[in-house]
Amino acid sequence: MAESQDDQMQSVVTCDTCDETAEHLCITCQDRLCPRCKEVHSRSKASFDHEVVLLSSSSISQAHEERFSSQQVCSKHAGYRISICCGDCEIPICEKCLLPDHNGHRVISIPDLIKQKKPKLEAKYLAISSQLPQYEEKLAEIKERSYMVAKNGDDLEEKIEKHFRTIKSQIENQKSRLIKDVRKNKTVVMDNLKSHEEKFEEYINEMKTFVWEFKTNGKDRFILFGNCDVGATMPNGIPKIQFPELLQYKTESRDAVPLNSLCGRLFEGNILQRENNTKTLQDIYVGNNDIKSLAYRYQDDTFWLYTDGNIFQIDRKGSVLHKIVAHIQTLNNKPVVVSRSGTVIYRQKQFTLNEKKYCGFVKEYFTTSYSAPLCLWARKEGGVIVGFLDKDESDGGFFWLTEDAVIEKRIRNDSAWNDVYKKNFVSRTRAYVAENVNGDICFSNRSVEVYDSNLQHRFSYPDGTDVENFLPQDICTDDFGHILIADQRSRLIHILNKDGDLLKMVKLPGLNTSYPISLTIDINRCLCVGCSDGKIRIIDYLTILDNL
């Protein structure tokens, strides 16, 4: 057993076997020993050959190195412990590694390799320690982004599900509204037909009664007291009946663009710009002048309008498809309409109406030498109603013209016209006429006056108490008997039922300084409003009424 000398320890270390102060260190088994235990350790058969040295800092370091090298096995040669190091490769090796892999290399001890590599590893430690927080921060950012992507995906799925539930609900609501419209139209038309049916049954009963009395009563007495006037028993000629067109149901092709618009789309958040919300379905810019007259042609989904002294045909993009130079100097309100057949009927000169067929052929439609057309209305069963003014402005009335310009009915010198025209007429630019589904004639001037088909007054709107706050422009009607009025003063659209009850006042967006003038209804049953700022605004007014 050998014993070495070294510097003594600066602090007290306890013996590993007892509680006395340790003064020696066994390099072989790493035990710290007091003098008494050191003697026992040296006599023991198990440890008599161990190397025991004085306890010091250097001896402790030596013991650690001996233990490290004795425990490390070569990674290339199983069963061989590392005992030396390659200074060039800076790795520990065994004896078997020396010749084949490290021949000619600088061989150093384990402590020397540790001393050589320690500064380098310390520099690496400093570099890694300085960068580690940034890597940890980036990892936290990645995990946060992963959480956000997962949550966003879940939120999008829920949003898409909700949107499609809404679409399904809206489709069901639209289906219900269409069915409701059909039933409502059916009720209105059936009521109107029922009224005609009752009138004809009354005529027929009176006629049958007369025939029966003529055949069965004593002829002399019957002849003596009988009324010879045919008109006392039946009308002078079979009354003409307005049969409204049967409703049709039209569906559009389900192409990709409307379907994508309906269903929505996915996009990155920084790509899609915010869109402006508007209550109008569409705004069509025509120009900067008043749209004084507006008519819709369902055959090709276009509009015919009067503005800036001319008549134009435009599509829904506002592109001009056709232009007619109109020689209209006065009485220029509602100078153009489109008949049921698609013929464009318009005022060309003071006493002349022209017609433009779909094929492009233009000819004179109707002319008089004494009456100037004041306003036009296209009838649902074909032909037009013309509100006219005599040349000397002393009187006026209405013509009912067929598609072939045959005068079907004419009413003039009537007190009703005189009441409307002479008492309320304040401006030729605000004289408009419309026919309702029940045959009523609606006339818009200083107020709105509604008459039956024989010009017997039914009601006024407003009722006279609020006329000062009301200045009507155009007027139109729909298949349900609604009366729609453009009010210049309030900039609102007034919607009445066929009996004159106010259902709703609708405010159009963007009419801060401009106002609505002309009205028409398109094939989608949307109200199209020509305004003083040169725009056509299209709204779904039936949905507004359904929400009442």
Side-chain angles (χ1 to χ4, degrees), residues 166-192 244-252 258 261-262 277-284 294-298 301 303 316 338 340 377-378 380 432 434-438 440 442 444 448 450 461 472-487 490-511 516-531 535-548:
T166 301
I167 290 177
K168 291 177 182 177
S169 176
Q170 291 175 345
I171 290 175
E172 287 297 323
N173 291 339
Q174 181 70 0
K175 181 185 77 172
S176 299
R177 188 175 76 83
L178 288 171
I179 293 175
K180 180 180 176 182
D181 289 348
V182 170
R183 291 173 179 172
K184 190 174 182 180
N185 176 269
K186 175 183 174 182
T187 300
V188 171
V189 175
M190 290 294 290
D191 288 346
N192 191 25
E245 287 295 311
L246 295 177
L247 288 182
Q248 303 292 325
Y249 179 57
K250 180 181 179 181
T251 58
E252 303 295 336
S261 177
L262 176 68
N277 292 326
T278 176
K279 294 181 181 179
T280 55
L281 300 178
Q282 185 182 7
D283 289 348
I284 304 175
L294 183 64
Y296 176 76
R297 190 175 190 275
Y298 75 87
D301 192 30
F303 296 94
R316 286 190 180 266
V338 178
R340 187 188 70 171
W377 173 260
K380 289 180 173 58
Y432 296 89
E435 183 183 34
N436 213 340
V437 292
N438 58 358
D440 285 352
C442 309
S444 167
V448 173
V450 178
Y461 180 83
Q473 291 279 348
D474 197 5
I475 185 171
C476 75
T477 59
D478 64 10
D479 292 334
F480 308 110
H482 296 127
I483 303 170
L484 300 98
I485 309 162
D487 181 11
S490 67
R491 301 188 178 94
L492 300 175
I493 304 297
H494 298 235
I495 305 178
L496 319 180
N497 64 16
K498 63 182 177 61
D499 297 316
D501 300 319
L502 178 63
L503 301 178
K504 189 75 173 179
M505 286 196 235
V506 179
K507 182 179 181 181
L508 299 177
L511 293 183
I517 301 177
S518 49
L519 306 174
T520 190
I521 294 175
D522 66 11
I523 195 171
N524 300 314
R525 295 190 174 182
C526 293
L527 180 64
C528 309
V529 185
C531 303
K535 286 184 179 179
I536 300 173
R537 292 171 169 84
I538 302 177
I539 62 171
D540 183 4
Y541 74 102
L542 290 176
T543 297
I544 296 174
L545 290 178
D546 286 343
N547 293 331
L548 288 176

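Values below: all heavy atoms of this structure, side chains included; hydrogens, waters and symmetry mates excluded.
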Whether [X] side chain and [Y] backbone form a donor-acceptor pair below 3.5 Å:
{"X": "Asn436", "Y": "Asp440", "answer": "no"}
{"X": "Asn497", "Y": "Asp499", "answer": "yes"}
{"X": "Asn192", "Y": "Val188", "answer": "no"}
{"X": "Arg537", "Y": "Pro509", "answer": "yes"}

Pairing residues for Tyr296 by the ring pair (Phe, Tyr, Trp, His ring centres under 6.0 Å) criterion, not counting sequence neighbours = Phe303

Results of side-chain contact (heavy atoms from CB on, under 4.5 Å) for Met190 - residues two or more places apart only = Lys186

Please name all residues satisfying side-chain contact (heavy atoms from CB on, under 4.5 Å) with Lys507, sequence neighbours left out, ordered by chain then number.
-> Leu492

Nearest 0.5 angstrom please: [X] [atom1] to [Y] [atom2], how far?
{"X": "Lys184", "Y": "His482", "atom1": "NZ", "atom2": "NE2", "value": "3.0 Å"}
{"X": "Asn173", "Y": "Leu178", "atom1": "CG", "atom2": "CG", "value": "11.0 Å"}
{"X": "Trp377", "Y": "Asp474", "atom1": "CH2", "atom2": "CG", "value": "8.0 Å"}
{"X": "Leu503", "Y": "Ile544", "atom1": "CG", "atom2": "CD1", "value": "12.0 Å"}
{"X": "Ile493", "Y": "Ile539", "atom1": "CD1", "atom2": "CD1", "value": "6.5 Å"}
{"X": "Thr520", "Y": "Arg297", "atom1": "OG1", "atom2": "CZ", "value": "13.0 Å"}

With a 4.5 Å cut-off on side-chain heavy atoms, are [Y] and [X] touching?
{"X": "Thr280", "Y": "Lys535", "result": "no"}
{"X": "Tyr432", "Y": "Cys442", "result": "no"}
{"X": "Val437", "Y": "Val189", "result": "no"}
{"X": "Arg177", "Y": "Thr543", "result": "yes"}

Can you see which heavy atom on [X] is nearest to which on [Y], and at what distance?
{"X": "Ala434", "Y": "Cys476", "value": "CB-CA, 4.1 Å"}
{"X": "Arg525", "Y": "Phe480", "value": "NH1-CZ, 2.8 Å"}
{"X": "Ser444", "Y": "Pro472", "value": "OG-CB, 3.3 Å"}
{"X": "Asp540", "Y": "Cys526", "value": "CA-SG, 4.3 Å"}
{"X": "Glu435", "Y": "Thr477", "value": "O-OG1, 2.8 Å"}
{"X": "Leu294", "Y": "Cys528", "value": "CD2-O, 3.6 Å"}

Exactly one candidate in Ile485, Val450, Leu496, Leu484 meets side-chain contact (heavy atoms from CB on, under 4.5 Å) with Ile475; the answer is Ile485

Pair Asp522 + Arg316: basic N to acidic O under 4.0 Å | yes

With no hydrogens and no angle check, do the side chains of Tyr461 and His494 hold a donor and an acceptor under 3.5 Å apart?
-> yes

